[in-house]
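Below you'll find the structure, written out as structure tokens, and then a few comments.
The structure presented is a predicted model; accordingly, all values stated were derived computationally and were not measured.
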Amino acid sequence: MTLRANYFGLASKAMQILMSQEGYLREQFSESEIVTIRVWELVKLRVSQINQCAFCIDMHSRDALEQGESQERLIGLSAWRDMPFYSEVEAAALDWAEHLTSGKPVEDDRYEKVVQRLGEQAIVDLTIAINAINSWNRIAKTFKPEVGSYKPQ
């Protein structure tokens with residue numbers, strides 16, 4: 001498969017902004033005791049499933065496995081609401097990710113509920129992370145990097 005455009009080369013400053021954002025998010029979730037790197041990986045994978053981004057599904061499945069995630073939980077992620085494998089924090093994060101990705105308005109009661117469960121700092125970081133993965137999904141679906149070419153670091 002041929003890369004449609006070398007988007008990292010053609011928009012290097014913009015891509016650096018997105019990569020810096022990823023660095024910020026990694027730092028925040030590494031330090032958080034609530035929304036951890038493991039939760040972040042589940043959110044990235046779930047949003048990529050919703051957006052049907054093959055490259056990102058492959059990437060985040062590999063990253064999640066590298067982080068120690070089980071295949072059982074990855075397989076069940078698309079039906080997480082009916083699976084007993086996810087914690088209350090993970091369920092709150094996945095629900096928030098699905099809601100924001102849908103583009104529906106955020107009503108006060110939903111917002112208050114997620115803030116009570118995750119806290120303000122976590123919900124701000126999680127919202128930025130959900131925005132980021134939706135952005136990455138659109139970039140990958142447009143420029144079609146080779147699925148399977150990603151190697152976890």
ask   = Side chains of Glu41 and Glu66: closer than 4.5 Å at any heavy-atom pair?
value = no
request  = Just do the side chain to side chain contact (heavy atoms under 4.5 Å, CB included) check on Leu18 and Ile139 with the steps written out, would you?
outcome  = CA-CA 11 Å; Leu18 295 177; Ile139 291 169; 3.6 Å; yes
Student check: side-chain heavy atoms of Arg110 and Lys113 closer than 4.5 Å = no
request  = Indicate if Trp96 and Ile128 have the same hydrophobic cluster label, given that clusters are the connected sets of ILVMFWY residues with side-chain heavy-atom separations under 4.5 angstrom.
outcome  = yes
query = Which pair of non-hydrogen atoms, one from Ala97 and one from Ile130, has the smallest distance, and what is that distance?
reply = CA-CD1, 3.4 Å
key: Phe29/Asp125 under side chain to side chain contact (heavy atoms under 4.5 Å, CB included): CA gap, chis, key distance, verdict   = CA-CA 8 Å; Phe29 295 130; Asp125 291 334; 4.0 Å; yes
query = Can you list the residues that meet the side-chain contact (heavy atoms from CB on, under 4.5 Å) rule with Glu22, with sequence neighbours excluded?
reply = Leu25, Trp40, Lys44, Ala132, Trp136
key: Heavy-atom check, side chain of Leu94 versus side chain of Leu77, under 4.5 Å   = yes
Residue pair Gln121 / Ile34, side-chain heavy-atom distance below 4.5 Å = no
ask   = Under the criterion side-chain contact (heavy atoms from CB on, under 4.5 Å), which of Leu74, Asp63, Leu45 is the partner of Glu69?
value = Leu74
ask   = With a 4.5 Å heavy-atom cut-off, do Gln28 and Val35 have their side chains touching?
value = no
message = Could you check whether any side-chain heavy atom of Met19 comes within less than 4.5 Å of a side-chain heavy atom of Phe8, counting everything from C-beta outward?
response = yes
query = Taking Glu90 as the fixed residue, which of Arg117, Arg46, Arg73 is the one that meets the salt bridge (Lys or Arg N to Asp or Glu O under 4.0 Å) rule?
reply = Arg73
inquiry  = Under the criterion side chain to side chain contact (heavy atoms under 4.5 Å, CB included), I'd like the reasoning laid out for Lys141 against Gln52: C-alpha separation, chi angles, the key distance, then a yes or no.
reply    = CA-CA 9 Å; Lys141 288 185 71 160; Gln52 298 185 7; 4.3 Å; yes
key: Minimum side-chain heavy-atom gap Leu42-Tyr86 below 4.5 Å   = yes
query = Given the rule that I, L, V, M, F, W and Y join up when any side-chain heavy atoms are under 4.5 Å apart, are Ile123 and Leu100 in one cluster?
reply = yes
query = Is there a side-chain contact between Pro152 and Met59, using heavy atoms and a 4.5 Å cut-off?
reply = no
message = Test of understanding: clusters of I, L, V, M, F, W, Y form through side-chain heavy atoms closer than 4.5 Å, transitively. Do Phe143 and Ile133 belong to the same one?
response = yes
ask   = Which is it for Cys56 and Tyr150 under the side chain to side chain contact (heavy atoms under 4.5 Å, CB included) test, yes or no, and what are the steps along the way?
value = CA-CA 9 Å; Cys56 298; Tyr150 174 76; over 6 Å; no
key: Salt bridge present between Asp58 and Arg62 (N-O < 4.0 angstrom)   = yes
